[in-house]
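Reminder, nothing fancy here: chain letters follow the sequence lines and each chain counts from 1.
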Amino acid sequence: MTIYTPIIGLETHIELATQTKMFCRCPAEYFNAPPNTSVCPVCLGLPGAMPVANAQAIEWTILLGLALNCTITTRSFFERKHYFYPDLPKGYQISQYQSPLCENGSLTLPESNVTIPIRRIHLEEDTGKLLHGSSKNNSLIDFNRSGVPLVEVVTEPAISDSRIAAEYLQTLQKYVQYLGISDADMEKGSMRCEPNISLKSPSDKGLPQYKVEVKNINSFKFVRKAIDFELKRQTSILQKNEIPLQETRRYMEANGSTASMRQKEEAHDYRYMPEPDIPPVVINQDQFNSLKKRVETVELPNKRLKTLVNMQIKREDALLLVDDKYLGDFLLEIVQLCTKEEKQSGFIQKLVNYLVNKKISHTLSKHEFYAKAKTLSKPVETDMASLKNYIANAIENNKVAVSDYKLGSLNAINAIVGSIMKESKGSFQAKIVLDELKKVLR
Amino acid sequence: MKLHHLSIAQLRMMLLKKQISKKEVFKYFQSRIQKLNPTVNAILTETEETETMDDVTLPLYGIPFSMKDTYLTKGIRTTAGSRILKDYIPQYDATVYTKLKNSGAILIGKSNCDAWGHGSSTENSDFGPVKNPWNNAYVAGGSSGGSAASVISGMSMFDIGEDTGGSIRLPSSFCSTVGLKVSYGLTSRYGCIAYASSLDTVGPIGKSVEDVAIILEIIAGNDLLDATSVRHKIPKYTRTLRDKKNGLVIGLPKEYFKNSLTPSVAKKIQETIAVYKEMGIAFKEVSLSLTDYAIAAYYLLATSEASSNLARYDSVRFGNDRSVFGEEAKRRMMLGAFTLSAGYYDAYYIKATKIRSLIKQEFDTVFKEVDLLLAPTSPTPAFKLGEKINDPLQMYLSDIFTIPTNIAGIPALSVPCGLSEDTKLPVGFQLLGPAFSEELILQTAYRYENAVGGFLKFNAA
């Protein structure tokens with residue numbers, strides 16, 4: 001049987017959490033906003049309106065590029081990408097084609113330790129949103145999303161399976177969240193992923209002569225399912241000595257399959273053209289240096305993992321804490337409060353246990369959490385005189401059990417321990433009670 | 001009293017001294033429109049007298065003006081001369097309109113133009129051509145034909161035109177107005193319906209050089225809504241207007257005096273040169289060898305951008321589907337879409353941008369030798385209505401002397417220099433200077449205006 005090699009590349013769109021939109025001053029946050037309330041002449045594409053680029057969005061894109069080891073384009077420009085669609089009010093999207101802000105980077109995945117090459121990162125504007133089904137005869141357009149800054153991260157076609165694809169996305173999401181540039185929530189649509197999938201036959205010299213793009217994926221689980229489904233579907237076509245169609249397919253959540261959306265033969269000629277209304281974006285050495293410095297001060301996921309592991313935290317716990325940036329931040333704040341002795345005596349792992357097992361609530365303040373952890377971890381000082389009293393009373397009140405024990409029924413002692421615990425309302429550790437009782441009865 | 005023969009400064013003085021009221025002035029110009037516009041067709045939409053700040057110290061207090069119908073005016077229909085927008089009521093004001101309103105000026109009408117600015121005769125307006133006020137059988141020039149026609153015939157005191165390849169200067173020379181194509185970026189384009197964004201400029205049309213300087217001073221300068229508008233400080237053009245630069249040298253680009261120039265225009269230009277020579281200004285022949293390539297580059301760059309800028313009129317939000325576009329708009333969109341298509345982009349669009357760079361360089365070089373350039377605005381005076389409308393290429397060549405300045409982004413002022421001997425129609429010359437040399441251009445034109453005792457007044461009506 002022929003062995004086919006999966007060739008997978010990922011295009012990921014991330015909406016930046018800037019205050020304002022990419023080319024106007026409308027608020028960029030549109031989640032749950034009533035339709036068409038966050039719009040202006042620019043993002044509605046009214047005649048005469050002109051775009052002014054959001055400097056924050058440009059900086060954030062470069063921050064991401066630096067975090068992903070990219071080369072930064074010092075003189076970049078925006079372009080117009082033309083196509084007609086009702087959610088695109090100008091008839092073109094302002095995007096970047098010839099000169100993306102960032103190029104040639106990489107991202108190393110923490111679990112598999114695979115390094116994914118990043119081809120490019122560019123900045124563009126999001127489109128409006130079509131709302132179907134409110135009436136049989138019409139579709140409505142909500143332009144709140146129109147013009148929201150959108151970063152597109154494109155990998156080389158170098159991903160070998162669905163597990164790596166999902167890990168890449170999860171890792172990328174963490175980087176974006178750690179940089180604080182987006183919540184990158186796939187369900188909300190602030191992070192969207194479109195895999196390009198094909199299979200290489202042993203006879204293929206370069207890349208396969210087709211590729212299939214899959215859209216409409218809104219969770220990491222679905223990314224895996226969509227890729228696995230496609231690999232299976234394409235294998236069965238190739239096995240019949242046919243070549244899968246070059247096309248865009250839609251992921252169907254209901255049954256985990258994909259269905260054809262449009263064939264690439266009808267692919268658009270986007271007639272890219274430099275955007276004449278926006279001067280070129282020039283990043284000078286000073287700006288570059290200060291952005292570089294900023295990235296270095298951010299503890300990115302891979303660095304945080306190292307930090308945590310170096311604190312003698314178990315790797316699986318450390319990965320968990322990297323995954324939940326909030327918990328990780330919280331832990332590191334508490335660690336700041338610890339004494340040198342505590343840091344060296346395995347106390348940090350205890351903190352992690354309390355945090356991960358929810359033994360102590362993370363909703364407490366760091367000081368409260370730290371105090372509680374200290375109490376919990378400290379051996380309780382036993383009031384021996386009081387214990388002896390309880391033991392004496394218990395022997396007096398459990399004569400049968402005492403004699404059974406002395407006659408060799410060793411389990412009988414548990415009943416005595418139980419009664420002491422009950423009488424003392426649990427003020428002693430059961431183990432100490434047991435040891436002390438044994439001594440007395442010996 | 002013929003208020004329309006007054007300069008802005010004179011009319012303002014009358015208003016200031018309360019010799020006439022703002023309302024009376026508005027009524028006067030309104031009646032001029034009612035009288036002349038049915039023939040001339042310069043104004044597409046008349047406006048009611050709008051509430052303005054009652055502050056007589058404002059520089060344009062009570063001055064009625066018209067504006068090319070490519071500028072957005074909130075609540076006032078704006079068509080760009082196209083039936084696509086025949087019922088379009090804008091939601092916001094163009095920056096230039098805001099600035100003028102804040103200076104006390106009152107909009108009296110929106111001027112007719114070639115649809116989307118595509119044309120050299122205003123015959124491409126979907127609302128009928130503008131007729132030359134001096135002789136109704138002739139065109140007023142384009143694309144801002146309604147602008148020049150309304151100013152010279154006294155329907156408004158001044159107008160804001162829009163110049164992408166000569167659209168302010170050509171009608172100015174055909175109608176005997178002073179029209180300024182500003183340096184790219186000097187004035188905000190925000191709210192101006194775009195034709196070709198990298199070439200479009202917003203500029204004044206007036207009856208005198210001083211009027212133009214007054215308007216320029218108000219509309220020039222940075223606008224946070226236009227990222228291509230300049231950040232540097234704007235000179236006080238009216239304050240330096242009377243200055244005379246010592247040792248001024250004016251270049252005569254020989255390519256602008258070749259056989260395409262009709263004898264009647266050539267004669268007026270020679271007379272103009274003589275006037276300047278009498279002042280002791282030196283002339284020098286120079287060469288702009290790339291002039292012939294400018295038109296080719298222009299029709300690639302401008303149509304590419306036009307095809308992009310017109311994509312938004314897709315019938316979803318403005319009504320009127322794309323079949324409503326006129327012939328010329330369709331022609332330019334198809335040319336532009338072709339130029340930008342995969343496989344042709346490098347051969348056409350990229351090549352045109354290279355020509356643009358070379359033309360810029362050539363102007364830079366020439367301006368090391370001379371301070372300004374003097375050339376005819378158009379090879380001919382106004383031509384007859386219908387004469388070129390079926391020959392797009394001939395029509396495109398009307399702009400042969402104006403297009404290179406748009407390509408280079410430099411300023412040029414078209415100045416009236418009398419009537420042609422044969423058709424008795426106005427002729428204009430233009431002064432070209434390096435980027436942001438509007439001050440010197442205006443000063444130099446002002447000297448000419450004084451030397452010849454002012455420009456022709458329109459007395460026909």
Identify which of Ile193(B), Val316(B), Asp226(B) forms the greatest number of heavy-atom pairs closer than 4.5 Å to chain A.
Asp226(B)
Region of Tyr71(B) that comes under 4.5 Å of a non-hydrogen atom in chain A
neither
Has Arg271(A) got a side-chain atom pairing as donor or acceptor with Leu340(B)'s backbone, closer than 3.5 angstrom?
no
Nearest-0.5 Å distance that lies between atom CG in Asn309(B) and atom CG in Asp277(A)
7.0 Å
Taking all non-hydrogen atoms of both residues into account, name the closest pair between Pro279(A) and Ala227(B) and its distance.
CG-O, 3.3 Å
Counting heavy-atom pairs closer than 4.5 Å to chain A, which one of Ser308(B), Ala194(B), Ser341(B) comes out on top?
Ser308(B)
Flag the pair Pro276(A) / Glu305(B) as yes when at least one side-chain heavy-atom distance between them is below 4.5 Å, and no otherwise.
yes
With side-chain contact (heavy atoms from CB on, under 4.5 Å) as the test, pick out the partner of Ser197(B) among Glu275(A), Met50(A), Arg80(A).
Arg80(A)
Answer yes or no: are there more than 12 heavy-atom neighbours, outside Lys330(B) itself, under 6.0 Å from its atom NZ?
yes
Side chain, backbone, both or neither: which part of Tyr270(A) has an atom under 4.5 Å from a heavy atom of chain B?
neither
Counting heavy-atom pairs under 4.5 angstrom with chain B, the leader among Pro51(A), Pro274(A), Cys24(A) is Pro274(A)
Tell me whether the count of non-hydrogen atoms from other residues, nucleotides or ligands lying under 6.0 Å of CZ in Arg250(A) goes above 12.
no
Provide the closest heavy-atom pair for Pro47(A) versus Tyr313(B) in the form atom of the first, atom of the second, distance.
CB-OH, 3.3 Å
So which residues of residues 82-97 of chain A are in contact with chain B at a heavy-atom cut-off of under 4.5 Å?
His82(A), Phe84(A), Pro89(A), Lys90(A), Gly91(A), Tyr92(A)
Which atoms of Tyr190(B) are under 4.5 Å from chain A, going by heavy atoms: the side chain, the backbone, both sets, or neither?
both
Under 6.0 Å from the CE atom of Met334(B), do we count more than 12 heavy atoms belonging to anything else shown?
no
Chain B contact via Leu44(A) - side chain, backbone, both or neither, heavy atoms under 4.5 Å:
backbone
For Leu224(B), which atoms come within 4.5 Å of any heavy atom of chain A: side chain, backbone, both, or neither?
backbone
Mark yes when over 12 heavy atoms from residues, nucleotides or ligands other than Arg25(A) sit less than 6.0 Å from its CZ; otherwise mark no.
no
Is there a donor-acceptor pair closer than 3.5 Å between any side-chain N or O of Asp269(A) and the backbone N or O of Ala342(B)?
yes
Examine whether an atom of Leu225(B) lies under 4.5 Å from a heavy atom of chain A, and if so say whether it belongs to the side chain, the backbone or both; otherwise answer neither.
backbone
Under 6.0 Å from the OH atom of Tyr348(B), do we count more than 12 heavy atoms belonging to anything else shown?
no
Given heavy-atom pairs under 4.5 angstrom as the criterion, report whether the side chain, backbone, both or neither of Tyr344(B) touches chain A.
neither
Using atom types as modelled and distance alone, determine if a side-chain donor or acceptor of Tyr345(B) lies under 3.5 Å from a backbone N or O of Met273(A).
no
Okay, Tyr184(B) and chain A: the region with an atom under 4.5 Å from a heavy atom over there is side chain
Segment of Ala196(B) engaging chain A (4.5 angstrom heavy-atom cut-off):
neither
Phe143(A) versus chain B, the contacting section by heavy-atom distance below 4.5 Å
side chain
